[in-house]
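Naming convention: chains lettered A, B, ... in sequence-line order (proteins, then strands); numbering from 1 in each chain. No hydrogens, no waters, no symmetry mates; every other heavy atom, side chains included, goes into these values.
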Protein chains: 2
Amino acid sequence: MKKNAEINATPVCQVRMQAISDAMSLLSGKWKFHILGTLIAGNKLGFMDLLREIDGIGSKMLSKELQDLEMNNLVSRTVMDTKPITVEYSITKYGKTLSAVIDELANWGIEYRKALYKKN
Amino acid sequence: MKKNAEINATPVCQVRMQAISDAMSLLSGKWKFHILGTLIAGNKLGFMDLLREIDGIGSKMLSKELQDLEMNNLVSRTVMDTKPITVEYSITKYGKTLSAVIDELANWGIEYRKALYKKN
DNA sequence: GAAAGTGGTTTCCTATTGGATACTAACTGT
DNA sequence: ACAGTTAGTATCCAATAGGAAACCACTTTC
């Protein structure tokens, strides 16, 4: 008998699978969660602020990731008419809807570390 | 004046940042969420079952990702004494603690798609 | 006039990721 | 005998991710 029955073939699972793919494609990479988390915590931050806040990131990656996030309407970029010119990055209303995901992930990570500690 | 004040330098933020890094290092890659989600939905599944359920994955990636997940105690692998030999993969008790994260991510992805649809 | 701050871009390089294909090895059903 | 099942491994290749360093243009401060 040939097997081809699938759990994931049910419409509800198909939707879930696609939803996960969607979310991952927006949030993939090493830095996006860090950038979003920092912007959620920090309200309005300049490029150099972010560079200082996010330990280990370089200007190339920061610039690229910010562009990605801006394209997907998770982060807004505003050039201020100051001298020298400054840029304000902030989380959008829409980006804030990710708070729950980020919190869950962070809390899970914290529990993970506790569990590791107990083991040894 | 040299700037070096940091939001993320506060202990609570340091812990959060590390927690996010920890979680991401276990869950990185294109397939881990799909595998975990399928195993949470499907209870016990064989290698070929997973290969069929998860659309697009190849045996090499599935094998590698399962090994990663097993090493981190999120998935268990049991060789059954059948002929031909079969292997049962299932989510561990510990892996189940990721349900909330996966659900949040999936729900966010679903809302994201709805929002896109409304826009156009 | 030199240093340091603003916000990036460009180039070069390596490491990792991931996909396609073929293969093994044992067993079952026709 | 032969196709199909089980669970992977091996090999090769292309694409992407990501880091280091240099550089740019502009302005303010020492």
Side-chain angles (χ1 to χ4, degrees), chain A residues 1-6 17 20-21 24-36 38-39 42 44-72 75-90, chain B residues 1-6 17 20-21 24-36 38-39 42 44-72 75-90:
Chain A
M1 176 187 125
K2 210 177 210 168
K3 285 196 193 176
N4 63 339
E6 298 184 16
M17 295 286 274
I20 290 174
S21 294
M24 301 253 295
S25 73
L26 297 190
L27 302 173
S28 64
K30 192 174 172 182
W31 299 110
K32 296 221 179 65
F33 278 106
H34 291 292
I35 294 172
L36 290 169
T38 303
L39 283 174
K44 288 181 188 306
L45 295 171
F47 186 86
M48 296 306 287
D49 293 329
L50 286 166
L51 213 48
R52 278 183 290 263
E53 296 293 342
I54 302 167
D55 197 46
I57 199 171
S59 58
K60 192 190 83 171
M61 289 309 297
L62 180 55
S63 169
K64 192 209 130 214
E65 298 292 65
L66 282 170
Q67 281 170 27
D68 285 2
L69 293 170
E70 195 195 350
M71 271 196 294
N72 289 314
V75 159
S76 74
R77 176 179 184 276
T78 315
V79 179
M80 306 303 284
D81 197 10
T82 53
K83 293 181 180 181
I85 159 181
T86 51
V87 177
E88 272 183 10
Y89 287 98
S90 58
Chain B
M1 178 185 127
K2 211 176 211 169
K3 285 195 191 176
N4 65 338
E6 297 184 17
M17 295 285 275
I20 290 175
S21 294
M24 301 253 295
S25 76
L26 298 189
L27 302 172
S28 65
K30 193 173 170 183
W31 298 110
K32 296 219 179 67
F33 278 104
H34 292 291
I35 295 173
L36 290 169
T38 303
L39 284 173
K44 287 181 188 307
L45 295 171
F47 187 85
M48 296 307 287
D49 293 328
L50 285 166
L51 214 47
R52 278 184 292 263
E53 297 293 343
I54 300 168
D55 197 46
I57 199 171
S59 59
K60 191 190 84 172
M61 288 309 297
L62 180 56
S63 170
K64 193 210 129 212
E65 298 290 65
L66 282 170
Q67 282 173 28
D68 284 1
L69 293 170
E70 194 196 350
M71 269 196 295
N72 289 313
V75 159
S76 74
R77 177 180 182 275
T78 315
V79 179
M80 307 303 284
D81 198 9
T82 52
K83 292 179 181 182
I85 159 182
T86 51
V87 177
E88 272 183 9
Y89 288 98
S90 57

What's the [atom1]-[atom2] distance between [X] and [N], to the nearest Å?
X: B/E65; N: C/dT16; atom1: CD; atom2: C1'; result: 12 Å
X: A/L27; N: D/dA17; atom1: CG; atom2: P; result: 14 Å
X: A/L50; N: C/dG5; atom1: CG; atom2: P; result: 17 Å
X: B/L45; N: D/dA7; atom1: CG; atom2: C1'; result: 15 Å
X: A/K30; N: D/dG18; atom1: NZ; atom2: P; result: 7 Å
X: A/D81; N: C/dT6; atom1: CG; atom2: C1'; result: 14 Å
X: B/D55; N: C/dG19; atom1: CG; atom2: C1'; result: 14 Å
X: A/M61; N: D/dA21; atom1: CE; atom2: P; result: 17 Å

* To do: Nearest 0.5 Å please: distance from the CG atom of B/D49 over to the NZ atom of B/K44.
  =>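 That separation rounds to 12.5 Å.
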
* Just jot down the side-chain contact (heavy atoms from CB on, under 4.5 Å) partners of B/S59, sequence neighbours excluded, or say none. =>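 Result, side-chain contact (heavy atoms from CB on, under 4.5 Å) vs B/S59: B/F47, B/L51.
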
Pairs under 3.5 angstrom, nitrogen or oxygen only, protein versus nucleotides 8-15 of chain C, please.
from, atom 1, to, atom 2, distance (Å)
C/dG8, OP1, A/R77, NE, 3.2
C/dG8, OP1, A/R77, NH2, 2.4
C/dG8, OP2, A/Y89, OH, 2.6
C/dT9, OP2, A/S63, OG, 2.3
C/dT9, OP2, A/Q67, NE2, 3.4
C/dT9, O4, A/S59, OG, 3.1

* C/dG5 OP1/OP2 closer than 4.0 Å to side-chain N/O of A/R52 ->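 No, outside the criterion.
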
* Sequence neighbours excluded - salt bridge (charged side-chain N to carboxylate O under 4.0 Å, His left out) pairs with any residue from residues 56-72 of chain A ->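 Listed by first then second residue: A/K32-A/E65, A/K32-A/D68.
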
* To do: Could you walk me through whether B/L27 and B/L36 pass side chain to side chain contact (heavy atoms under 4.5 Å, CB included), step by step?
  => CA-CA 10 Å; B/L27 302 172; B/L36 290 169; 3.8 Å; yes

* Member of B/L62, B/I54, B/L66 meeting the side-chain contact (heavy atoms from CB on, under 4.5 Å) criterion with B/W31 ->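 Among B/L62, B/I54, B/L66, the one that satisfies the side-chain contact (heavy atoms from CB on, under 4.5 Å) with B/W31 is B/I54.
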
* **With sequence neighbours excluded, residues passing side chain to side chain donor-acceptor pair (under 3.5 Å) with A/S21** =>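 A/S21 satisfies side chain to side chain donor-acceptor pair (under 3.5 Å) with B/H34 once adjacent residues are dropped.
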
Please list, one pair per line, the donor and acceptor atoms closer than 3.5 Å that link side chains of residues 82-90 of chain A to other protein atoms, with sequence neighbours excluded.
from, atom 1, to, atom 2, distance (Å)
A/T82, OG1, A/P84, O, 3.1
A/T82, OG1, A/T86, N, 3.2
A/T82, OG1, A/T86, OG1, 2.8
A/Y89, OH, A/R77, NE, 3.2
A/S90, OG, A/S76, OG, 3.0

Tabulated below should be each protein N or O lying under 3.5 Å from an N or O of nucleotides 23-30 of chain C; please produce it.
none

